[in-house]
Amino acid sequence: METSRLILRQWREADVDSFAEMNADPRVMRYFPSTLPREHSVQMVGRIKTHFDEYGFGLWAVEVKDQTPFAGFIGLSVPQFSAYFTPCVEIGWRLAVPFWNQGYASEGAQAALEFGFTQCNLKEIVSFTVPANVASRRVMEKIGMTYIDNFDHPALPDGDPLKRHVLYSINRPDWDGLQPN
Ligand SMILES: CC(C)(COP(=O)(O)OP(=O)(O)OC[C@H]1O[C@@H](n2cnc3c(N)ncnc32)[C@H](O)[C@@H]1OP(=O)(O)O)[C@@H](O)C(=O)NCCC(=O)NCCS
């Protein structure tokens with residue numbers, strides 16, 4: 001997929017090094033349990049590719065035109081945990097620090113929402129993060145998502161400071177209403 005400044009594409013072997021470097025950066029992983037060792041990043045790319053094969057959508061590798069072949073990922077995925085709002089499709093994003101605060105996540109996420117609603121016929125897309133992740137929450141709001149609820153992430157142990165999450169959502173009629181005629 002192409003937006004004015006980005007290309008959202010399938011993963012290439014050459015992305016793995018930059019992906020591992022991004023996931024090893026504590027600033028990027030501040031709201032996750034830990035940074036990822038290279039081996040986990042390699043495994044994650046494998047899981048992302050399998051997800052595309054299974055569902056026809058996934059976390060696309062993001063290229064910034066004329067700037068970098070790999071800035072991170074933006075896309076759609078099916079969470080593997082159980083909660084009152086699952087099964088569902090989640091929209092998510094992770095970019096390397098040099099590409100923050102330039103509107104890239106919002107721009108790519110809008111293309112991902114369009115793909116989910118028009119190509120995959122999804123009825124609703126959710127997103128979630130920890131309450132303190134204001135940049136991510138801001139992206140959710142900028143693309144038209146609405147705060148729904150708080151929930152405790154079942155994959156994190158009781159007492160973990162990251163357990164509490166905020167849930168956002170957008171449904172097809174609301175997304176349709178935001179599109180220019
Ligand atoms: C979340 C993330 C993808 C956002 O990417 P991005 O390209 O910078 O996002 P955008 O530029 O589209 O929008 C970011 C918004 O957050 C705002 N923002 C960023 N940091 C902020 C802060 N500390 N306080 C308040 N607002 C903040 C920006 O000003 C911008 O809003 P604006 O356009 O209204 O000014 C990026 O910060 C990232 O990769 N973080 C680490 C990984 C992560 O946490 N992913 C999400 C997990 S749920």
Side-chain angles (χ1 to χ4, degrees), residues 1-9 11 15 18-37 40-41 44-45 47-48 51 58-81 83 85-86 88-116 124-156 160-170 175 178:
M1 284 188 291
E2 194 171 344
T3 69
S4 60
R5 297 179 297 168
L6 308 176
I7 295 169
L8 274 58
R9 57 162 177 77
W11 290 68
D15 299 328
S18 310
F19 185 54
E21 196 181 318
M22 176 176 85
N23 291 334
D25 185 336
R27 295 169 296 177
V28 173
M29 301 307 279
R30 179 171 173 196
Y31 299 114
F32 293 87
S34 65
T35 55
L36 296 187
H40 288 201
S41 291
M44 191 172 165
V45 173
R47 286 199 301 274
I48 290 171
H51 187 289
L59 300 173
W60 288 277
V62 175
E63 215 169 294
V64 182
K65 292 179 197 173
D66 301 325
Q67 264 201 60
T68 183
F70 184 84
F73 67 69
I74 297 171
L76 304 170
S77 66
V78 176
Q80 295 307 303
F81 62 83
F85 55 86
T86 63
C88 64
V89 174
E90 175 201 6
I91 185 164
W93 33 71
R94 187 182 302 171
L95 299 178
V97 174
F99 307 102
W100 288 5
N101 294 325
Q102 296 162 71
Y104 290 141
S106 307
E107 184 173 322
Q110 265 154 358
L113 279 187
E114 181 175 1
F115 188 91
E124 183 185 28
I125 295 174
V126 306
S127 194
F128 43 83
T129 187
V130 294
N133 194 345
V134 282
S136 195
R137 296 180 70 165
R138 184 78 195 115
V139 174
M140 294 170 199
E141 287 159 7
K142 285 201 290 180
I143 63 173
M145 303 188 89
T146 307
Y147 167 78
I148 302 291
D149 203 1
N150 292 342
F151 72 100
D152 286 333
H153 199 302
L156 290 164
D160 190 303
L162 298 175
K163 192 167 177 74
R164 200 75 173 146
H165 273 58
V166 284
L167 176 69
Y168 284 69
S169 163
I170 185 166
W175 179 81
L178 293 172

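Read the numbers this way: they start at 1 and go in the same order the structure lists the ligands and their atoms. Please read all numbers here as calculations on a predicted model, not as lab measurements.
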Review point. Any chance CD of Gln102 has more than 12 other-residue heavy atoms, nucleotides or ligands included, within less than 6.0 Å?
Key: yes
Find all protein N or O atoms under 3.5 angstrom from an N or O atom of ligand 1 and list the pairs with distances, or write 'none'.
{"residue": "ligand 1", "atom": "7 (O)", "partner": "Ala105", "partner atom": "N", "Å": "3.0"}
{"residue": "ligand 1", "atom": "8 (O)", "partner": "Asn101", "partner atom": "N", "Å": "2.5"}
{"residue": "ligand 1", "atom": "11 (O)", "partner": "Gln102", "partner atom": "N", "Å": "3.4"}
{"residue": "ligand 1", "atom": "11 (O)", "partner": "Gly103", "partner atom": "N", "Å": "2.8"}
{"residue": "ligand 1", "atom": "12 (O)", "partner": "Ser106", "partner atom": "N", "Å": "3.1"}
{"residue": "ligand 1", "atom": "12 (O)", "partner": "Ser106", "partner atom": "OG", "Å": "2.6"}
{"residue": "ligand 1", "atom": "12 (O)", "partner": "Lys142", "partner atom": "NZ", "Å": "3.4"}
{"residue": "ligand 1", "atom": "13 (O)", "partner": "Lys142", "partner atom": "NZ", "Å": "3.1"}
{"residue": "ligand 1", "atom": "33 (O)", "partner": "Lys142", "partner atom": "NZ", "Å": "2.6"}
{"residue": "ligand 1", "atom": "34 (O)", "partner": "Arg138", "partner atom": "NE", "Å": "2.7"}
{"residue": "ligand 1", "atom": "34 (O)", "partner": "Arg138", "partner atom": "NH2", "Å": "3.1"}
{"residue": "ligand 1", "atom": "39 (O)", "partner": "Leu95", "partner atom": "N", "Å": "2.8"}
{"residue": "ligand 1", "atom": "39 (O)", "partner": "Leu95", "partner atom": "O", "Å": "3.2"}
{"residue": "ligand 1", "atom": "39 (O)", "partner": "Trp100", "partner atom": "NE1", "Å": "3.2"}
{"residue": "ligand 1", "atom": "44 (O)", "partner": "Asn133", "partner atom": "ND2", "Å": "2.9"}
{"residue": "ligand 1", "atom": "45 (N)", "partner": "Trp93", "partner atom": "O", "Å": "2.9"}

Review point. Hey, what's the ring geometry for Phe128 with Phe81, parallel, tilted or perpendicular (30° and 60° as the breaks)?
Key: perpendicular
Study note, to complete from the structure: Value for CG (Leu162) from CZ (Arg30), rounded to nearest 0.5 Å, stands at 10.5 Å
Practice item. With sequence neighbours excluded, tell me which residues meet ring-ring contact (aromatic ring centres under 6.0 Å, His included) with Phe70. Key: Trp11
Study note, to complete from the structure: Rounded to the nearest 0.5 Å, the CZ atom of Phe151 sits from the NZ atom of Lys163 at a distance of 9.5 Å
Review point. Would a 4.5 Å heavy-atom cut-off, applied to side chains only, mark Gln67 and Arg5 as touching?
Key: no
